[in-house]
Amino acid sequence: MTSNYYITSYCQIKNQQISLNGNVVFQDESEVFSDFIKNAYKAEETKYPKFFKMDNLSKLAFLAADILLKNENLDTEIQNNIAVVFSNNAASLDTDRMHQEAIQDKSNYFPSPAVFVYTLPNICIGEISIRYKLFSENSFFIFERFNAEHLVTYATSLLDSDKANQVLCGWVNFDNNQYEAFLYLVSKNGTAAHTKEHITTLYNT
Amino acid sequence: MSNVFVSYNNIVSALGFTSQTVVQNIQNEKSGLERIHDTSVLPDPFYSALIDSEILEKEFQKLQPKLAFTRLEKMMLTSLNLVISESKIDINERVGLIISTTKGNIDALDSGNPFPAERSYLHALGNTIRDFFNFKNDAIIVSNACVSGILAVAIAKRYISQNIYDHVFVVGGDVISQFILSGFNSFQALSDEPCKPYDANRTGINIGEVAAAVLVTKDVNYLASESVEILGESSCNDANHISGPSRTGEGLYRSIESALKQAKVKPSEIDYISAHGTATPFNDEMEAIAFNRSGLEHVPLNSLKGYLGHTLGASGLLETIVGMHSLHNNTLYASKGFETLGVSLPLNIIKSTKKNKSLHRFLKTASGFGGCNTAVIFKKLSN
């Protein structure tokens, strides 16, 4: 499969470790996600207080996107037409379970708008769009497992039709304290081919 | 690049189980909304448009199911079955399946629900629908808040344009659940009367339930008489707030501009807008700002939420289908619940259902949590 587009950078968060373009940039002994991600936030000098209001999925997606995009040295004064195309297995089920707990027992009924708003997987895209002023195409897909073929098709469609200049793609999943983020940036210039095979190789490393 | 069309279609709802029946009821300005007091779902009374469970069961049994299915699955399978059989398409490797939903089988998380909690995974819903009809490809599930239904149509077009599929079946749906109602209620977004989009006295949303399905195809041999061509589509983010609409209508305005550009259509060539119109104060105001920025304030516009409520992941698909029939019937349907303009800028809200000499093009828009917006422009077939 040939492609006119290129993968210019990628970021992974899993197993208490964060890597950017294959190089480890942070690792931590914390086995609980909330501790791990807070330590990573500090170490990466993220400086974005809204981060602490986010749910687990948004924290995971936001930090991966922030580490990747910060490294791009984007000029946020100009508008960057970067589309965001994310996917995962569990949608927002981690936060859904919290909302369900708050309504399950009629004698202890306390649904909260601050929790309910995060019961949609695409909210994490909204958080990243706010941070980087991305007024661009965005979509969240659910698949049983990582689906490189789909991501290639959809990113190619957005670039072919000039809906976006770059596409931030990937997989962000949070379920039962298990977390995994793999994000990559697709651009019109570069060296690493934007193919299903290459993406699968990066995902599996 | 070949043209892409929305063709055969179906709606399963409180106003009927075929698109024709639903459109006829809308033409008669009949609403499916009614007052419901069910403390197992919400402590206070609310308005909704619920699908009649007995009729749903009767229609679903015609499919001769062999397994146990959830209410949402019954709705979606019933709706999609009619579209597949009407279109007479052989389901092979070149046929895709797209599912749009916000919460899927979320009610399976409830400890009192007879289905296991694992059923709440959206890919499980995808596999259920794929297997029922023997689709050769996995379902592509779109869960992008309240734009999911219309975005799914745009995604179907993009898959066909990329030459991955020749035909795509799109099915959308969400059910009324304690999960959803308690959440919207915690936002104080629910109205305690039938909703009144764009009206000065609007007091919020009614949540309804619908399943809707369409065939999206590039093959002119598979077109229903009410088919429309997809001329342009776009989905832009507000980059402003995760739960509040933009004060400038930024994402919606950009979506409309981008869709117009791709469609090569001028605002004056849009004959009708099928808007989102949830009847919350901020959403309707945001839309008025965006439509004015795009020079669309004179175009006849309605919100269909006064008929079936806000049907979440189905709404964009449902409203696209009604829009197709609106063009086909050359009829503009009343924006039910509207009396006096209650937004700060002019809009041409359709007050009563009326025949129009000829309608050619319509714009469908939607907006949702996460700052997402989608706009799609459709054109009626010339003969």
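Below, read A as the first sequence line, B as the second, and so on, with proteins coming before strands; counting in each chain starts at 1.
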Q.
With rounding to the nearest 0.5 angstrom, report the CG to CZ distance, B:Leu109 to A:Arg97.
A. 6.5 Å
Q | Test of ring centre spacing under 6.0 Å for A:His99 and B:Phe179 | A | yes
Q: Give a yes or no on whether the backbone of A:Phe135 and the side-chain of B:Asn237 come within a donor-acceptor separation of less than 3.5 Å.
A: no
Q. With a 4.5 angstrom heavy-atom cut-off, which part of A:Tyr109 approaches chain B: side chain, backbone, both or neither?
A. side chain
Q: Sort A:Ser139 into side chain, backbone, both or neither according to what part of it lies under 4.5 angstrom from a heavy atom of chain B.
A: both
Q. Given a strict heavy-atom distance threshold of 4.5 Å, which part of B:Ser148 is in contact with chain A: side chain, backbone, both, or neither?
A. neither
(Q) Could you tell me if the side chain of A:Ser92 sits less than 4.5 Å from the side chain of B:Lys103, heavy atoms only? (A) yes
**Q.** Pairs touching residues 142-152 of chain B that satisfy salt bridge (Lys or Arg N to Asp or Glu O under 4.0 Å), sequence neighbours left out
**A.** none
**Q.** Under 4.5 Å from a heavy atom of chain A, the part of B:Ile180 involved
**A.** backbone
**Q.** Nearest non-hydrogen partners of B:Ala239 and A:Lys133, listed with the distance
**A.** O-NZ, 3.6 Å
Q. Of all the residues in residues 51-70 of chain A, which have a heavy atom that comes within less than 4.5 Å of a heavy atom in chain B?
A. none
Q: Please round to the nearest 0.5 Å and tell me the distance separating atom CD1 of B:Ile242 and atom CD of A:Glu127.
A: 4.5 Å
Q) In terms of heavy-atom proximity below 4.5 Å to chain B, should A:Ala90 be classed as side chain, backbone, both, or neither? A) both
Q: List the atom of A:Asn122, the atom of B:Gly370, and the distance in Å for their closest heavy-atom pair.
A: ND2-CA, 4.1 Å
(Q) Return the OG to CD1 distance between B:Ser243 and A:Ile123, rounded to the nearest 0.5 Å. (A) 7.5 Å
Q. Judged by atom type as modelled, is there a donor-acceptor pair below 3.5 Å linking the side chain of B:Gln162 to the main-chain atoms of A:Tyr154?
A. no
(Q) With a 4.5 angstrom heavy-atom cut-off, is it the side chain or the backbone of B:Gln262 that approaches chain A, or both, or neither? (A) side chain
Q: Using a cut-off of 6.0 Å, state whether more than 12 heavy atoms not belonging to A:Lys106 lie near its atom NZ.
A: yes
**Q.** Proximity of B:His123 and A:Phe141 rings by center, below 6.0 Å
**A.** no
(Q) Quick check on A:Arg131 against chain B: is it the side chain, the backbone, both or neither that has a heavy atom closer than 4.5 Å? (A) neither
**Q.** Side chain / backbone / both / neither for B:Asn127 at chain A, heavy atoms under 4.5 Å
**A.** side chain
Q: Calculate, to the nearest 0.5 Å, the distance between atoms CD and CZ belonging to A:Gln79 and B:Arg254 respectively.
A: 4.0 Å
